[in-house]
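Here is the structure we will look at, set down as structure tokens.
In what follows, chains carry the letters A, B, and so on, assigned in the order in which the sequence lines appear, proteins first and then strands, with residues in each chain numbered from 1. Computed from a predicted structure; not experimentally measured.
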There are 2 protein chains.
Amino acid sequence: MKQLKQRSDCPISSALDIIGDKWSLLIVRDIMMNGKNTYNEFLKSVEKIATNVLADRLTMLEATGIITKEEHPESKAKIYYKLTEKGIDLLPVLIELILWADEYLPVSKSAVAYGKVLKKDKAGITKQMMAALKKANK
Amino acid sequence: MKQLKQRSDCPISSALDIIGDKWSLLIVRDIMMNGKNTYNEFLKSVEKIATNVLADRLTMLEATGIITKEEHPESKAKIYYKLTEKGIDLLPVLIELILWADEYLPVSKSAVAYGKVLKKDKAGITKQMMAALKKANK
DNA sequence: AAAATTAACTTGCTTTTTGCAAGTTAATTT
DNA sequence: AAATTAACTTGCAAAAAGCAAGTTAATTTT
């Protein structure tokens with residue numbers, strides 16, 4: 001696995017030591033916003049993560065306490081990945097990334113629309129989503 | 001240079017295509033919060049970025065419109081790197097990373113203290129910092 | 001005014017990470 | 001019983017990161 005070392009005690013740097021890559025936050029996104037919870041569901045995302053990289057990221061997200069592996073309620077062949085509270089608390093980071101991308105990068109129509117809604121009541125929507133995620137996670 | 005391609009039209013993915021790595025946001029941080037503006041100042045940061053990686057990231061941050069290169073006011077030997085508005089608008093992302101790291105990762109005492117202050121009036125402090133950065137940037 | 005230093009890179013090389021295709025094993029479905 | 005699905009692992013090539021040393025122009029020191 002990609003080794004986990006802290007480059008400094010700066011909070012930004014420390015956060016990036018864990019989630020500063022192209023894939024980790026997409027897995028968090030898929031669980032948080034796209035209702036995905038299994039390896040194969042993550043694999044099917046449009047961004048096409050490589051199988052070994054996905055396995056690696058899942059291991060490290062679990063090791064850092066962002067996700068947990070659980071028994072899948074419907075099948076023993078599946079593993080149910082879910083966010084921990086630490087993982088759910090990444091929501092505000094994702095929200096800010098969405099707002100920034102929405103302002104400056106070419107994104108889908110639906111993302112633009114969602115950005116507009118978000119912008120009007122960022123704090124409220126974030127709070128509400130966070131509460132829903134935490135409630136559903138119990 | 002690291003090539004820039006959009007993996008999808010998802011805003012989170014698109015943002016990560018640009019700043020989803022271990023170094024880009026540290027350069028933004030150094031300009032935004034640590035008063036650094038030159039190659040050698042970036043090199044001296046505690047996280048110890050490699051010289052070629054720094055050169056690469058500066059090129060790509062400029063190519064994506066997050067920073068600009070300007071004449072240094074004091075010396076022709078130096079280059080003055082500054083944030084664009086697009087770069088300044090990454091402040092909320094950095095703020096959320098700080099808050100998350102502050103809550104879940106081992107960070108410096110001063111970062112913990114700053115996090116507490118931030119938490120009390122996130123929106124207000126962000127707004128004020130943003131205004132100060134944009135004003136200073138004119 | 002020559003020599004040393006500084007600033008911003010570049011180059012070459014090794015190590016690490018990513019990407020891709022194929023293979024494995026257990027559980028589930030046909 | 002055979003085929004499929006789910007979650008990985010393995011092997012290998014390509015890309016990126018890390019490290020040390022070198023280059024060039026500007027600036028400072030002697």
Side-chain angles (χ1 to χ4, degrees), chain A residues 1-8 13 16-27 30-31 34-64 67-82, chain B residues 1-8 13 16-27 30-31 34-64 67-82:
Chain A
M1 205 216 329
K2 180 182 68 163
Q3 83 201 50
L4 295 163
K5 58 168 181 193
Q6 260 193 276
R7 290 170 294 173
S8 75
S13 163
L16 294 176
D17 286 337
I18 298 178
I19 54 159
D21 71 271
K22 299 236 174 301
W23 297 109
S24 300
L25 285 181
L26 292 189
I27 295 171
D30 280 348
I31 302 178
N34 297 334
K36 301 191 177 189
N37 296 94
T38 67
Y39 184 93
N40 271 318
E41 286 171 342
F42 301 140
L43 267 192
K44 281 174 201 149
S45 290
V46 275
E47 293 89 5
K48 298 274 162 244
I49 189 170
T51 56
N52 56 343
V53 175
L54 175 56
D56 177 89
R57 283 313 109 87
L58 289 171
T59 301
M60 101 70 174
L61 287 172
E62 194 194 13
T64 53
I67 62 174
T68 50
K69 289 178 164 199
E70 296 189 4
E71 275 183 28
H72 196 285
E74 288 162 16
S75 162
K76 269 199 257 180
K78 298 184 185 178
I79 292 176
Y80 191 90
Y81 291 97
K82 60 185 278 195
Chain B
M1 204 215 329
K2 181 181 70 165
Q3 85 201 50
L4 296 163
K5 57 169 182 195
Q6 259 192 276
R7 290 171 293 174
S8 76
S13 163
L16 294 176
D17 286 336
I18 298 178
I19 53 158
D21 72 272
K22 300 237 175 301
W23 296 110
S24 300
L25 285 181
L26 293 189
I27 295 171
D30 279 348
I31 302 177
N34 298 333
K36 301 191 177 188
N37 296 93
T38 66
Y39 185 92
N40 272 317
E41 286 170 341
F42 302 140
L43 266 193
K44 281 175 200 149
S45 291
V46 276
E47 292 89 4
K48 297 273 162 244
I49 188 171
T51 57
N52 55 342
V53 175
L54 175 56
D56 178 89
R57 283 313 108 88
L58 289 172
T59 300
M60 103 70 175
L61 287 172
E62 194 194 11
T64 53
I67 62 173
T68 51
K69 289 178 164 200
E70 296 190 3
E71 275 183 28
H72 196 285
E74 287 163 15
S75 161
K76 268 199 255 181
K78 298 182 184 178
I79 292 175
Y80 191 90
Y81 291 96
K82 61 185 277 195

| message | On a heavy-atom basis, which atom in A:Glu47 and which in B:Arg7 lie closest, and how many Å separate them? | response | CG-CB, 3.8 Å
| request: Can you sort out which residues in residues 72-82 of chain B have a heavy atom within less than 4.0 Å of DNA chain D? Ascending by number, please. | output: B:Ser75, B:Lys76, B:Ala77
| Between A:Ser24 and A:Ile19, which heavy-atom pair has the shortest distance, and what is it? | CB-CA, 4.3 Å
| query | C:dT15 P sits how many Å from B:Asn52 CG, rounded? | reply | 16 Å
| According to a strict under-4.0 Å criterion, is B:Lys69 in side-chain N/O contact with OP1 or OP2 of C:dC9? | yes
| remark: So OH of B:Tyr39 and OG1 of B:Thr51: to nearest 0.5 Å the spacing works out to 4.5 Å
| said: Distance check needed: D:dT9 C1' versus A:Leu58 CG, whole Å only. | reply: 14 Å
| task | Please identify each residue that fulfils salt bridge (Lys or Arg N to Asp or Glu O under 4.0 Å) with B:Glu70, with sequence neighbours left out. | result | B:Lys82
| query | Just by modelled atom types, is the A:Asp21 backbone N or O under 3.5 Å from a matching donor or acceptor in the B:Asp21 side chain? | reply | no
| task | With the side chain of A:Thr38 defined as its heavy atoms from C-beta on, choose the nearest nucleotide among C:dT11, C:dC20, D:dA7. | result | D:dA7
| task | Grab the CG-P distance between B:Asn37 and C:dA7 for me, whole Å please. | result | 14 Å
| said: How long is the straight-line distance from CG of B:Leu58 back to CD1 of B:Ile79, given to the nearest 0.5 Å? | reply: 9.0 Å
| field | Side chains of A:Leu4 and A:Met60 in contact at under 4.5 Å (non-hydrogen atoms) | value | yes
| field | Pairing partner (Watson-Crick or G-U wobble, both distances under 3.5 angstrom) of C:dT30 | value | D:dA1
| remark: When rounded to whole Å, the CG to P distance for the pair A:Leu54 and D:dA7 reads 9 Å
| Inter-residue atom distance A:Lys69.NZ - A:Thr38.OG1, 0.5 Å rounding | 12.5 Å
| message | Please determine whether the number of non-hydrogen atoms from other residues, nucleotides or ligands lying under 6.0 Å from atom NZ of A:Lys76 exceeds 12. | response | no
| query | Looking at DNA chain D, which of residues 40-49 of chain B put a heavy atom within less than 4.0 Å of it? | reply | none
| note | Atom CE of B:Met60 and atom P of C:dC9 are separated, to the nearest Å, by 16 Å
| task | For A:Asp56 and D:dT9, give me the distance from atom CG to atom P, rounded to whole Å. | result | 10 Å
| note | Paired to C:dT25 by Watson-Crick or G-U wobble criteria (both distances under 3.5 Å) is D:dA6
| Whole-Å distance between C:dT16 P and A:Arg57 CZ? | 16 Å
| query | Between D:dG18, D:dC8, C:dG19, which nucleotide gets closest to the side-chain atoms of A:Val53? | reply | C:dG19
| query | In whole angstroms, how far is the C1' atom of C:dT16 from the CG atom of B:Asp21? | reply | 15 Å
